[in-house]
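Throughout, protein chains are lettered first and strands after them, A, B, ... in sequence-line order, and every chain is numbered starting at 1.
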Amino acid sequence: MLTKQQIRYCLDKMGEMFPDAHCELVHKNPFELLIAVVLSAQCTDALVNKVTKHLFEKYKTPEDYLAVPLEELQQDIRSIGLYRNKAKNIQKLCAILLENYNGEVPNDRDELMKLPGVGRKTANVVVSVAFGVPAIAVDTHVERVSKRLGFCRWKDSVLEVEETLMRKIPKEEWSITHHRMIFFGRYHCKAQAPQCDRCPLFDLCREGKKRMRQRGESRARAK
DNA sequence: AACTCGGGGCA
DNA sequence: TGCCCAGAGTT
């Protein structure tokens, strides 16, 4: 595992590579952010943004989402995957917001996780982006990058990854860390084709060196 | 821990 | 046309 100092170095480099790292989901308020993040599960932010553009014109409040039949809401988000379940979850979630939270989005991670369709990652994104609460949302990008570089152990669960990152990174940097790692993971340290040959972190990266060795060996075999 | 839900994007 | 993308919930 890398030291705190090494991790800090990595995060600084990621910041240089992606100085504009930010939450890519379009939203104007906590409620729209919550809807956008729930929709974003298992699909790209770009695709969600296409849907929410129209969605947020039509639906402004929790009441609006409950005022239409389920089938209509499903059709409105049809172009993203898992849309049937997501539409159901959004209507349930809006009913709970009205019932228990006065129609407002709670600013507490554990309260958010009680809502249907809201897991740990979604809750962390909402509290950190909408309410400025320090949090590290561990999605597959953050998990993959953490494991490849050695921010955490290979066999760590998602929860263990989050705990390890929180232990190794100063609290003030949790939120920006999450965005930097997502950009780094999505555009550079990709799942299938990581750009190891032009990576400023190659010298620290155990997985990068391993991959390069394997590539060399397969070339040698081919000859 | 493994499985299921799913359409869009891209090769 | 078939693989890849990428969380929550359930068993």
When we call it a touch if two heavy atoms are under 4.0 Å apart, what does A/Asp139 touch: a base, just sugar-phosphate, or nothing? sugar-phosphate
Does some side-chain heavy atom of A/Lys86 sit less than 4.5 Å from a side-chain heavy atom of A/Ile80? yes
Mind checking if A/Ala46 touches a base, just sugar-phosphate, or nothing, with heavy atoms under 4.0 Å? nothing
Does the pair A/Glu173/A/Arg8 count as a salt bridge with the N-to-O cut at 4.0 Å? yes
Position toward the 5' end of DNA chain B (nearest nucleotide), A/Ala41 or A/Lys50: A/Ala41
Candidate nucleotides B/dG8, C/dC4, C/dG7, ranked by approach to the side chain of A/Gln192 - the nearest: C/dC4
Expressed in angstrom and rounded to an integer, what is the separation of A/Tyr83 atom OH from C/dC5 atom P? 23 Å
Let me know the distance between NZ of A/Lys88 and C1' of B/dG6, rounded to the nearest Å. 13 Å
Considering every strand and a 4.0 Å limit on heavy-atom distances, what is the contact class for A/Gly81: base, sugar-phosphate, or nothing? base
Base, sugar-phosphate alone, or nothing: which one does A/Val118 contact when heavy atoms must sit under 4.0 Å apart? sugar-phosphate
Judged by nearest nucleotide, the residue sitting upstream toward the 5' end of DNA chain C, A/Arg186 or A/Asn89, is A/Arg186
Identify which nucleotide among C/dA8, B/dG6, C/dC5 has an atom closest to any side-chain atom of A/Lys121, counting heavy atoms from C-beta outward. C/dA8
Only one of A/Met17, A/Met14, A/Glu16 passes side-chain contact (heavy atoms from CB on, under 4.5 Å) with A/Pro200, and that residue is A/Met17
Residues A/Lys58 and A/Asp64 bridged, charged N to O under 4.0 Å: no
Here the distance between atom P of B/dG8 and atom CG of A/Asn49, to the nearest Å, is 16 Å
Parallel, tilted or perpendicular: rings of A/Tyr65 and A/Tyr59 (30°, 60°): parallel
Find the distance A/Leu159:CG to C/dG7:C1' and express it as a whole number of Å. 15 Å
Between atom NZ in A/Lys92 and atom P in C/dA8, what is the gap in whole Å? 15 Å
Toward the 5' end of DNA chain C, by each residue's nearest nucleotide, A/Pro116 or A/Thr44: A/Thr44
Can you tell me how far P of C/dA8 sits from CG of A/Asn124, to the nearest Å? 9 Å
Rounded to whole angstrom, note down the P distance from B/dG6 over to C/dT11. 15 Å
Grab the CD1-C1' distance between A/Ile80 and C/dC5 for me, whole Å please. 13 Å
Interatomic distance where OH belongs to A/Tyr187 and P belongs to C/dC5 [whole Å]: 14 Å
Salt-bridge present (A/Glu57, A/Lys53; N to O < 4.0 Å): no
Within the 4.0 Å heavy-atom criterion, would you say A/Leu115 contacts the bases, only the backbone, or no part of the nucleic acid? sugar-phosphate
What's the closest nucleotide to the side chain of A/Cys43 if the choices are B/dG6, C/dG7, B/dG8? B/dG6
Counting side-chain heavy atoms from C-beta on, which of B/dG7, B/dG8, C/dG7 comes nearest to A/Thr140? C/dG7
Quick note, A/Ala191 side chain, CB onward, closest among B/dG7, C/dG7, C/dC5 is C/dC5
Classify the ring geometry of A/Phe18 against A/Phe184: parallel below 30°, tilted from 30° to 60°, perpendicular beyond 60°. perpendicular
What's A/Leu82 touching, base or sugar-phosphate or nothing? Going by heavy atoms closer than 4.0 Å. base
With a cut-off of less than 4.0 Å, is there a side-chain N or O of A/Arg84 near OP1 or OP2 of B/dC5? no
Look at all strands and tell whether A/Ser79 reaches a base, only sugar-phosphate, or nothing, counting heavy atoms closer than 4.0 Å. sugar-phosphate
Nucleotide of C/dC4, B/dG8, C/dG7 approaching A/Thr122 most closely (side-chain heavy atoms): C/dG7
Ignoring backbone atoms, establish whether A/Asn85 has a side-chain N or O less than 4.0 Å from OP1 or OP2 of B/dG6. yes
